[in-house]
**Student:** 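Encoded as structure tokens, here's the structure I'll be asking about.
Chain letters run A, B, ... following the sequence lines, proteins first, then strands; residues in each count from 1. Computed from a predicted model, the values in this text were never measured in an experiment.
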There are 2 protein chains.
Amino acid sequence: MPVIDPLKAPHRTGSIYPEPYATMMRGRSSLRLGEAGGLTQYGVNLVILEPGAMSSLRHWHLHEDEFVWVVEGECTLIDDQGETLMRPGDCAAFPAGKPNGHHFLNRTDRVAKFLVVGTKAPQEIATYSDIDLRVELAGGKARFTYKDGTDWTGVR
Amino acid sequence: MPVIDPLKAPHRTGSIYPEPYATMMRGRSSLRLGEAGGLTQYGVNLVILEPGAMSSLRHWHLHEDEFVWVVEGECTLIDDQGETLMRPGDCAAFPAGKPNGHHFLNRTDRVAKFLVVGTKAPQEIATYSDIDLRVELAGGKARFTYKDGTDWTGVR
């Protein structure tokens, strides 16, 4: 059955980030809609931001295109150009390899939701714009490093 | 600027289908949002169906994952299992290679809109479930054939 029952989609909470960053993701969760529907070439997640939550650390992807469509509430996009308030029906695209770090904040007092699509590249590097951190993703494993490529062992 | 202005997105009308099928797509158009945002790995289109319009001939993709999210109005999904009425926030996934032909009809008296995401595979074959037609897509070119692989020259 191609129609996806959101109640049966995997609901992910928490974060793969090392601390102290994982804790900063409190109030963010996502429904893995594409996974629930059997898609493998890209992910489609419905991200749910409680009041005060953020979608991720500000980051950009080397190999994966990203697309966001706001579904409910209001999200503030933060990127290299500044801040943009986005409402339902507003959308944004972040082409692979463009080093424009971005994330979304819910600064309102009600829940905000957006769809995010991201290619599932065999290998990926995400770089976190505001801190000395990046992550290499391959084969379902994540290796966090400093921006000089050495293993991350804590905030320095 | 990552935020996409829908007024600046390419607005496609018409169809690449040969007649008599192209005419059947009247009332369908799409905004190429992903293209407007510089994405190359998958397409993201906002499909607009006027009352009575259909999204496409009923079809399935060999190599490309497809995902649909209803944004406005009501769409009737037709697939091998029958009919499913879909409303804003409902979504469906069609994994590459699964031969479940599908399309969406607007049987209401007001406009319906849905987002559709589709991988941009280097080569693709789409097969039309209800008629003797398929299409091979590569390098920006489309070759329509009968299901036996010979060139399509008209309804037979």
**Student:** Among the clusters formed by ILVMFWY side chains lying less than 4.5 Å apart, do A:Leu57 and A:Phe94 turn up in the same one?
**Tutor:**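 In one cluster: no.
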
**Student:** Distance check, rounded to the nearest 0.5 Å: A:Thr84 atom OG1 versus B:Met1 atom CE?
**Tutor:**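 Separation between the atoms: 3.5 Å.
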
**Student:** Same cluster or not: A:Leu31 versus B:Val70, using hydrophobic residues (I, L, V, M, F, W, Y) connected whenever any side-chain heavy atoms lie under 4.5 Å apart?
**Tutor:**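 No, no single cluster joins them.
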
**Student:** Starting from A:Met54, can I reach A:Tyr128 by hopping between I/L/V/M/F/W/Y residues whose side chains sit under 4.5 Å apart?
**Tutor:**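 Result: yes, single cluster for both.
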
**Student:** What heavy-atom pair brings B:Gly37 and A:Pro95 nearest, and what distance separates the two atoms?
**Tutor:**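 Heavy atoms of B:Gly37 and A:Pro95 come nearest at O-CG, 3.3 Å.
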
**Student:** Counting distance only, does the side-chain N/O of A:Tyr42 pair as donor-acceptor with the main-chain N or O of B:Gln41 below 3.5 Å?
**Tutor:**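 Absent.
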
**Student:** Relative to chain B, which of A:Ala36, A:Ala92, A:Gly34 shows the most heavy atom pairs under 4.5 Å?
**Tutor:**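 Result: the option with the highest number of such pairs is A:Ala92.
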
**Student:** Would you say A:Pro2 and B:Gln81 make side-chain contact, with heavy atoms under 4.5 Å?
**Tutor:**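 A:Pro2 reaches B:Gln81 side chain to side chain.
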
**Student:** Does atom CD (A:Gln123) have a neighbourhood of more than 12 heavy atoms from anything else shown, all under 6.0 Å?
**Tutor:**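 It does not: A:Gln123 CD has 12 such atoms or fewer within range.
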
**Student:** If two hydrophobic side chains count as joined below 4.5 Å and joins carry through other members, does A:Phe67 share a cluster with A:Leu39?
**Tutor:**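 Looking at the clustering, A:Leu39 is in the same group as A:Phe67.
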
**Student:** For chain B, which of A:Val68, A:Leu46, A:Val71 has the most heavy-atom pairs under 4.5 Å?
**Tutor:**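 Most heavy-atom pairs under 4.5 Å with chain B: A:Val71.
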
**Student:** Which residues in residues 4-25 of chain B have a heavy atom less than 4.5 Å from any heavy atom of chain A?
**Tutor:**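 So far as heavy atoms go, B:Ile4 are the residues that approach chain A to under 4.5 Å.
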
**Student:** Based on non-hydrogen pairs under 4.5 Å, which of B:Cys91, B:Pro88, B:Gly38, B:Ala96 is most in contact with chain A?
**Tutor:**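 Most heavy-atom pairs within the cutoff with chain A belong to B:Cys91.
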
**Student:** So which part of A:Val3 gets closer than 4.5 Å to some heavy atom of chain B, the side chain, the backbone, both or neither?
**Tutor:**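 Looking at A:Val3, backbone and side chain both touch chain B.
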
**Student:** Give a yes or no on whether the backbone of B:Thr40 and the side-chain of A:Asp65 come within a donor-acceptor separation of less than 3.5 Å.
**Tutor:**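 Yes.
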
**Student:** Out of B:Asn100, B:Leu77, B:Val117, return the one with the most heavy atom pairs under 4.5 angstrom to chain A.
**Tutor:**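 Looking at each of B:Asn100, B:Leu77, B:Val117 in turn, B:Val117 comes out on top.
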
**Student:** Evaluate whether atom CZ of B:Arg143 has more than 12 neighbouring non-hydrogen atoms of other residues, nucleotides or ligands under 6.0 angstrom away.
**Tutor:**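 Enclosed: over 12 neighbouring heavy atoms sit under 6.0 Å from CZ of B:Arg143.
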
**Student:** side-chain contact (heavy atoms from CB on, under 4.5 Å), that's the test. Do B:Trp69 and A:Val44 meet it? Break it down for me.
**Tutor:** CA-CA 10 Å; B:Trp69 174 276; A:Val44 184; over 6 Å; no

**Student:** Pick one of side chain, backbone, both or neither for A:Thr119, based on which atoms fall under 4.5 Å of a heavy atom in chain B.
**Tutor:**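 Both backbone and side chain.
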
**Student:** So for A:Asp90, is it side chain, backbone, both, or neither that comes closer than 4.5 Å to the heavy atoms of chain B?
**Tutor:**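 Neither part.
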
**Student:** Give a yes or no on whether B:Leu137 and B:Ile131 share a hydrophobic cluster (residues Ile, Leu, Val, Met, Phe, Trp, Tyr; joining criterion: side-chain heavy atoms under 4.5 Å apart).
**Tutor:**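 Hydrophobic grouping puts B:Leu137 with B:Ile131.
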
**Student:** Pick one of side chain, backbone, both or neither for A:Ala121, based on which atoms fall under 4.5 Å of a heavy atom in chain B.
**Tutor:**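 For A:Ala121, neither part sits under 4.5 Å from chain B.
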
**Student:** Can you tell me if B:Lys120 has over 12 outside heavy atoms packed within less than 6.0 Å of its NZ?
**Tutor:**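 Above 12, so yes.
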
